[in-house]
Amino acid sequence: MTPVVRGQVVEFKDHLAAMGIVAEELSPLAGITAQLKLQTADWGKAARVAAQQRFRWSAIWGDHQSPDIEIKALFFGTDGHLLLQTNVPEKSAELASHTPFYVAASRPERYLHDMFGVTFTDNHDSRRWGRHQAWAETDFPLLESFPVGGFPAKETPPDSGYPFEPVAGAGVYEIPVGPVHAGIIEPGHFRFQALGENILRLEERLGYVHKGIEKIAVGRDLAGLIRLAGRVSGDSTVAHSWAACQAVERALQISPPPRASALRAILAERERIANHLGDIGAICNDVGFAFAQYQMSRLRELWQRQNQQLTGHRLLMDSLCPGGVTVDLDQSSMIAMREEIVQLRTEIEELLPLLLEYPSLQDRLSDYAILSPETAEQLGAVGYVGRASQLADDLRRDAPYPPYHELKIKVPVFSTGDLTKRLRVRGEEILISLDLLVKLLRAIPSGPLVTSFSLPNHEIEGIGLVEGWRGETLAYLRLDEQGRVVRYFPRDPSWLTWQALELMLDGVIVPDFPVCNKSVNGSYAGHDL
Amino acid sequence: MFRIYNKIRRTGKVTEPFRIDDDQVAELGTACQKEIARYFSGSLAIRMVDAGSCNGCELEMHAVNNSFYDIERFGIHFVASPRHADLLLVTGVVSRHMQEALKRTYAATPSPKLVVAMGDCAGHGGEFGESYASCGPVSNVIPVDAIIPGCPPTPIQLMQGILQLLQKK
């Protein structure tokens with residue numbers, strides 16, 4: 001299969017016109033290439049045109065502005081992001097689905113229905129997704145009228161009546177797993193249908209750690225928002241806080257000082273490296289290769305201790321603030337980091353070939369749990385999951401933001417989409433990130449850490465888009481005239497990779513599911529919100 | 001194969017005695033071990049439950065198993081089922097979608113049992129608090145014996161928290 005060649009976002013309006021669809025061109029939010037407002041009736045047709053252009057489907061979210069609910073959907077083309085929007089009345093909120101053209105839209109639309117009451121008419125799957133039993137089918141938590149405390153029963157019953165897709169046949173049986181798993185891992189439910197040891201079908205059921213992040217964000221000041229953003233997914237604290245800060249800054253039309261941008265990138269690359277180290281060890285451990293786990297967890301620990309030295313936090317939490325950063329690097333920290341980079345590179349350059357050449361490890365990982373490039377494209381898979389299956393999107397290179405616009409970003413890409421490649425992408429990304437850290441440290445600008453700003457006396461909105469370690473990470477934000485949050489929507493890249501896990505299990509046996517799961521390593525918290 | 005042995009030999013032993021802080025170096029783990037010997041016949045089995053965390057606490061829980069802390073050397077180990085556990089280590093606020101699962105996990109753990117709320121969310125509600133989607137801190141749902149503060153607690157704080165609980169018993 002040849003790599004995906006996508007159409008141009010700037011030409012999208014013409015393509016719509018050719019189909020007889022009239023769209024109103026809006027002045028795009030900062031960071032977006034084009035923004036179009038559509039008639040409600042054209043919503044589904046526009047997705048068809050986007051799919052013809054082979055745009056990647058990225059996200060959908062709602063925003064209640066009584067008496068309407070505004071719906072926005074994000075796509076990605078060769079020249080950046082396309083934002084489509086339309087309004088539906090809150091009373092009879094109905095909209096055509098994007099799922100006939102984009103599989104990835106199904107769960108986000110179901111979630112949007114659970115939170116806003118918008119019905120997507122031709123989504124083949126109309127089951128609840130975000131909602132279990134904590135609120136009624138007729139209640140929609142993200143409508144303005146719904147109180148943040150809700151109307152909870154003293155005891156929330158388990159969602160045991162959820163209608164999983166049945167699979168029938170002689171000898172076919174079901175294995176329910178979770179929400180509480182066997183390892184040290186977040187909660188979720190996996191429903192396997194198996195024949196002997198072979199997985200016939202897996203269906204994921206998530207939403208167990210839904211904590212109402214979007215609702216409790218409402219009314220927060222900017223400091224409170226960024227603290228919350230840093231805890232959407234604890235392993236991606238830099239990615240989500242950067243996306244939220246970027247959304248604030250773009251809404252305010254300010255830029256962080258060059259030194260702050262460089263420091264943010266240093267933190268983001270450190271986060272990428274720490275997580276990849278952990279994942280490589282854990283993938284190997286899930287096929288019983290403990291050597292790699294001990295080596296990688298040792299390197300991760302050393303890396304986290306350096307995080308503590310540099311920022312006062314082992315996971316780098318609360319290091320960003322609107323307008324800049326809260327941490328700085330002095331001369332001695334920079335020297336320590338340079339030494340650390342050299343050491344880690346030596347270790348990784350020794351360990352990676354060892355893992356990739358070790359026959360009994362490769363026997364378990366090669367040509368197994370394959371996500372084909374075709375499936376990956378249909379799903380719009382991002383990050384290392386996409387890159388192992390020929391989808392090379394990387395916002396640092398393809399929709400760059402400071403300081404990456406001045407750096408050459410290498411993106412490792414493979415086409416076979418098996419377990420080994422998902423491990424290998426991570427290994428290569430560690431080495432690439434180490435290179436980036438060297439470059440960032442060499443050219444770190446001097447100057448202030450924060451751009452000061454004052455709040456305008458009117459409502460503003462902004463969108464943040466950064467490449468987290470799992471992939472494209474989004475934050476949409478609307479602030480009122482006092483600078484308080486009216487709407488915060490964080491979209492973790494896991495939304496675009498969880499489904500990939502279901503579709504890579506052809507020929508996989510039940511006991512090998514954990515290693516497949518680890519190779520994707522979707523965030524439960526980032527997904528469930 | 002020889003490359004692996006060689007790497008293991010050159011890596012050597014990185015496991016450390018526990019430093020509580022700079023001027024007070026204590027064998028925290030050994031102290032733990034004494035209490036575990038007294039109450040749990042030398043072996044403390046922990047079942048972790050993420051009831052609604054951001055995954056930060058889980059990362060640090062993994063860290064206590066790495067070679068530097070190697071919590072297993074003190075007889076503390078993580079088990080796959082609450083049926084095998086002496087102690088439930090709970091992270092996160094309790095999301096309403098996890099309320100029943102947590103209660104069932106608690107019921108499945110044989111008595112006498114201990115419950116530790118790890119982190120600011122589990123202890124006091126942290127960043128998420130109580131809402132339509134969250135029951136708030138763990139103590140709102142099941143009895144809690146100890147709280148380990150931190151966002152997330154570091155591996156050392158996690159070890160200390162467990163020791164303090166054992167010494168209080």
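Order of the sequence lines fixes the chain letters, A, B, ..., with proteins taken first and strands second; residue numbering starts at 1 for each chain. Treat the numbers as computed from the prediction; the structure is a model and nothing was measured.
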Quiz item: On the ring face of Tyr208(A), is Arg96(B) found with NZ or CZ under 6.0 Å from the centre and within 45° of the axis?
Solution: no
Practice problem: Report yes or no: is the cationic atom of Arg205(A) (NZ for Lys, CZ for Arg) under 6.0 Å from the centre of the six-membered ring of Phe190(A), at an angle within 45° of the ring normal? | Solution: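 No, Arg205(A) does not sit over the ring of Phe190(A).
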Under 4.5 Å from a heavy atom of chain A, the part of [X] involved:
X: Val141(B); value: neither
X: Ser81(B); value: neither
X: Pro82(B); value: neither
X: Gln99(B); value: side chain
X: Cys121(B); value: neither
X: Phe128(B); value: both

Quiz item: Phe146(A) vs Phe151(A) aromatic rings, parallel, tilted or perpendicular, using cut-offs 30° and 60°?
Solution: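 Phe146(A) vs Phe151(A) ring planes: perpendicular.
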Self-check item: Test log, rule salt bridge (Lys or Arg N to Asp or Glu O under 4.0 Å), inputs Lys211(A) and Glu130(B)
Solution: CA-CA 9 Å; Lys211(A) 304 181 281 289; Glu130(B) 218 174 307; over 6 Å; no
Quick check on the interface: out of [options], who has the most heavy-atom pairs with chain B under 4.5 Å?
options: Thr156(A), Leu302(A), Val232(A), Val148(A); value: Thr156(A)
options: His181(A), Lys215(A), Gln295(A); value: Gln295(A)
options: Ile213(A), Thr237(A), Val180(A), Asp159(A); value: Val180(A)

Region of [X] that comes under 4.5 Å of a non-hydrogen atom in chain B:
X: Gln133(A); result: backbone
X: Ala153(A); result: backbone
X: Ile184(A); result: both
X: Ile185(A); result: backbone
X: Arg131(A); result: backbone
X: Gln293(A); result: neither
X: Leu228(A); result: both
X: Pro179(A); result: side chain
X: Asp235(A); result: both

Quiz item: What about the rings of Tyr358(A) and Phe289(A), do their centers lie closer together than 6.0 Å?
Solution: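 Yes, ring centres under 6.0 Å apart.
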Quiz prompt | Aromatic ring proximity, centroids under 6.0 angstrom, Tyr132(B) and Trp135(A) | solution = yes
Self-check item: Max heavy-atom pair count under 4.5 Å with chain A, selected residue of Ser67(B), Ala133(B), Ala51(B), Ala101(B)
Solution: Ala133(B)
